[in-house]
Amino acid sequence: CGRCHLEVANTYFETYHGKVSQLGYAKTAKCHDCHGAHDVHPNGDPRSHLSRENIIGTCRKCHPSATRRFAGYLTHATHHDPRKYPWIFWTFWGMTALLIGTFAVGGLHTLLWIPRAFQIRRAHPPKPFNPKERYFVRFTRLNRLLHVSMMVSFITLALTGMTLKFSYTPWAVLLSRALGGFETAGYIHRTAAVIMFCVFFTHLWDLVRRKRKEYGTWRSMLLGPDSMLFSKKDLLQFIGTVKWYLGLGERPRFGRWTYWEKFDYFAVFWGVTIIGSSGLMLWFPEAVTRLIPGWLINVATIIHSDEALLATGFIFTIHFFNTHLRPDRFPMDLVVFTGRMSVEELRRERPEEYEALVAKGELEKYIAEPFPPVVVRTVQVLAWVALTIGFSLVIGILYAILYAYR
């Protein structure tokens, strides 16, 4: 078809059907499935497979529950045409602005941090394992289990999702085949999505449980000194940190949570809401379009795809640096996996939390023995596997954007 209709054929390969066909999935709809083969007619012709009288029947060949609204999906819509497809155009550029803005601010913050991180490492070089050293339990077993589950599900979602987004690249085709083909990769992707939802709602349940057990009221939990909500103090600490980066002031005294940890925390809420809701729309388009117009599936596709790209790029670069790879933590900070950090590190990195616990006489409640070296080494191996997968995917994404973008 592309021999005579090249421009339209190219837009086909920007759709879900076109992308999976590039990954080798033969069961997806091709041109003739919708337009016909030897009986192609203009859409306005009553004989056309895509005429108003026939289009629902055409869609129902693959989507048995298709409705009139479902048929409103814009098969050949493109974000390059603001006049014809304004919602798609502005959604694309809105998501692009969000992506560029997030990486600009996060990247600049990271670059400013690096010299100070080297300075801290020189002042406090890593020490060999000491079985007699006291450790502070920062995260509970449930916290660690949820983080590991989220990490595994996120990496799985990123691998399976980016193969579809960049289906026009050789690495995406190879990765899709390695995962068992696109159909299998789709099953893996949706399973990982269910796990991510379970992790998220388990965390919400844990918040309710902790509110009842430890705080009593939501006000005490949300507005107390250990709250995860942003406050004026976080803004002042952000400004103070930038001044410290530039040599214009002292390093702020952090407590239980830093402003960048809070940002990462609420980024998960944002991601699950935006990526999750748009993903459910794409998973169940026939059911969703009983309530909304079909063209909103086009919008959901852009939001899901670009927000996933933002999350993948941010986690595997800026988040990895902030939490694991910055010079004063290199090769990685294992506290989120082991739940433990040395009391010395707690006193140095989070002086407000340390002093508050000492003042209340509660520090000893959180002291535990360090894990044996074999456990730490096992955790390090698993963490390095995650880092390697993440960085490999980032390299593939950069290649796709810089050298193969369509």
Side-chain angles (χ1 to χ4, degrees), residues 11-21 23 25 27-29 33-34 55-56 58-79 81 84-99 150 153-154 156-167 182-183 185-201 204 267-312:
T11 63
Y12 166 78
F13 289 109
E14 294 181 14
T15 68
Y16 169 83
H17 296 122
K19 287 178 178 291
V20 298
S21 69
L23 294 175
Y25 186 57
K27 297 179 183 179
T28 192
D33 291 301
C34 299
I55 189 170
I56 297 178
T58 299
C59 292
R60 283 179 177 172
K61 290 191 296 182
C62 298
H63 303 277
S65 301
T67 61
R68 178 69 61 187
R69 283 179 172 163
F70 178 89
Y73 173 74
L74 305 173
T75 307
H76 292 286
T78 171
H79 60 264
D81 191 339
K84 192 173 183 180
Y85 307 111
W87 277 103
I88 297 174
F89 176 85
W90 290 112
T91 299
F92 173 82
W93 284 108
M95 295 302 302
T96 300
L98 177 63
L99 189 149
M150 183 173 65
S153 63
F154 180 83
T156 303
L157 287 166
L159 287 174
T160 52
M162 290 302 109
T163 57
L164 182 60
K165 183 173 182 63
F166 300 107
S167 58
F182 171 77
E183 192 169 22
Y187 293 138
I188 295 172
H189 189 83
R190 289 185 284 273
T191 301
V194 171
I195 294 173
M196 180 68 81
F197 279 126
C198 290
V199 168
F200 182 72
F201 288 113
L204 294 182
V268 176
F269 281 76
W270 169 268
V272 169
T273 301
I274 301 301
I275 303 177
S277 59
S278 58
L280 288 173
M281 291 174 65
L282 302 179
W283 192 352
F284 304 104
E286 297 166 54
V288 170
T289 50
R290 292 183 179 274
L291 303 174
I292 64 173
W295 60 265
L296 281 176
I297 299 297
N298 297 83
V299 174
T301 300
I302 294 175
I303 292 175
H304 188 77
S305 174
D306 287 3
E307 182 64 28
L309 176 62
L310 171 58
T312 300

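Residues take their numbers from the sequence shown, with the count starting at 1.
Scanning for side chain to side chain donor-acceptor pair (under 3.5 Å) contacts around H63 gives E286, with sequence neighbours left out. By the side chain to side chain donor-acceptor pair (under 3.5 Å) test, K165 pairs with S305, D306, sequence neighbours left out. By the side chain to side chain donor-acceptor pair (under 3.5 Å) test, T163 is found to be paired with no residue, residues two or more places apart in sequence or in another chain being considered. Residues passing the side-chain contact (heavy atoms from CB on, under 4.5 Å) test with S167, sequence neighbours excluded: K19, Q22, L23. With sequence neighbours left out, F182 forms a ring pair (Phe, Tyr, Trp, His ring centres under 6.0 Å) with Y16, Y25. In this view, T91 satisfies the side chain to side chain donor-acceptor pair (under 3.5 Å) rule with no residue, not counting sequence neighbours. Legend: residues meeting side-chain contact (heavy atoms from CB on, under 4.5 Å) with T75, ordered by chain and number and at least two apart, are Y73.
Between atom CD1 of residue I303 and atom CG of residue L282 there is a gap of 10.0 Å, rounded to the nearest 0.5 Å. From H189, atom NE2 reaches atom OG1 of T156 across 10.0 Å, with rounding to the nearest 0.5 Å. Taken from CD1 in I302 to CZ in F89, the straight-line distance is 10.5 Å, to the nearest 0.5 Å. Note that OG1 of T289 and CZ of F284 are 13.0 Å apart. Values are rounded to the nearest 0.5 Å. To the nearest 0.5 Å, atom CE of residue M95 and atom CH2 of residue W90 are 15.5 Å apart.
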Name the atoms and distances for all side-chain donor-acceptor pairs under 3.5 Å in residues 269-277, with sequence neighbours left out.
{"residue": "W270", "atom": "NE1", "partner": "E307", "partner atom": "OE1", "Å": "3.4"}
{"residue": "W270", "atom": "NE1", "partner": "E307", "partner atom": "OE2", "Å": "2.9"}
{"residue": "T273", "atom": "OG1", "partner": "F269", "partner atom": "O", "Å": "2.8"}
{"residue": "S277", "atom": "OG", "partner": "T273", "partner atom": "O", "Å": "2.5"}
{"residue": "S277", "atom": "OG", "partner": "I274", "partner atom": "O", "Å": "3.3"}

Under 3.5 Å, side-chain donor or acceptor atoms of residues 290-301 against the rest of the protein: list the pairs with distances, not counting sequence neighbours.
{"residue": "N298", "atom": "OD1", "partner": "L74", "partner atom": "N", "Å": "3.0"}
{"residue": "N298", "atom": "ND2", "partner": "L74", "partner atom": "O", "Å": "2.8"}
{"residue": "T301", "atom": "OG1", "partner": "I297", "partner atom": "O", "Å": "2.8"}

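When all heavy atoms are compared, the tightest approach of A29 to Y12 is O-OH, 2.7 Å. Here the closest heavy-atom approach between residue A193 and residue L157 is recorded as N-CD2, 3.7 Å. Closest approach of A66 to I56, counting heavy atoms only: O-CG2, 3.8 Å. Residue T28 comes nearest to S21 through the heavy atom pair CG2-CB, 3.8 Å, listed as atom of the first residue, atom of the second, then distance. Heavy atoms only, all atoms of each residue included: A77 and I88 are closest at CB-CD1, 3.4 Å. Taking each heavy atom of M196 and S153 in turn, the nearest pair found is CE-OG, 3.4 Å.
With hydrogens and angles ignored, the 3.5 Å screen pairs a side-chain donor or acceptor of H304 with a backbone N or O of G279. Counting only distance, with no hydrogens or angles, the side chain of T312 and the backbone of L309 share no donor-acceptor pair below 3.5 Å.
Under the salt bridge (charged side-chain N to carboxylate O under 4.0 Å, His left out) criterion, no residue pair touches residues 61-75, with sequence neighbours excluded.
Applying the 6.0 Å contact sphere to CH2 of W283 captures more than 12 heavy atoms from other residues, nucleotides or ligands.
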Might you work through the side chain to side chain contact (heavy atoms under 4.5 Å, CB included) test for M150 and V268, ending with a clear yes or no?
CA-CA 10 Å; M150 183 173 65; V268 176; 4.0 Å; yes
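The closest side-chain heavy-atom distance from V199 to F154 is not below 4.5 Å.
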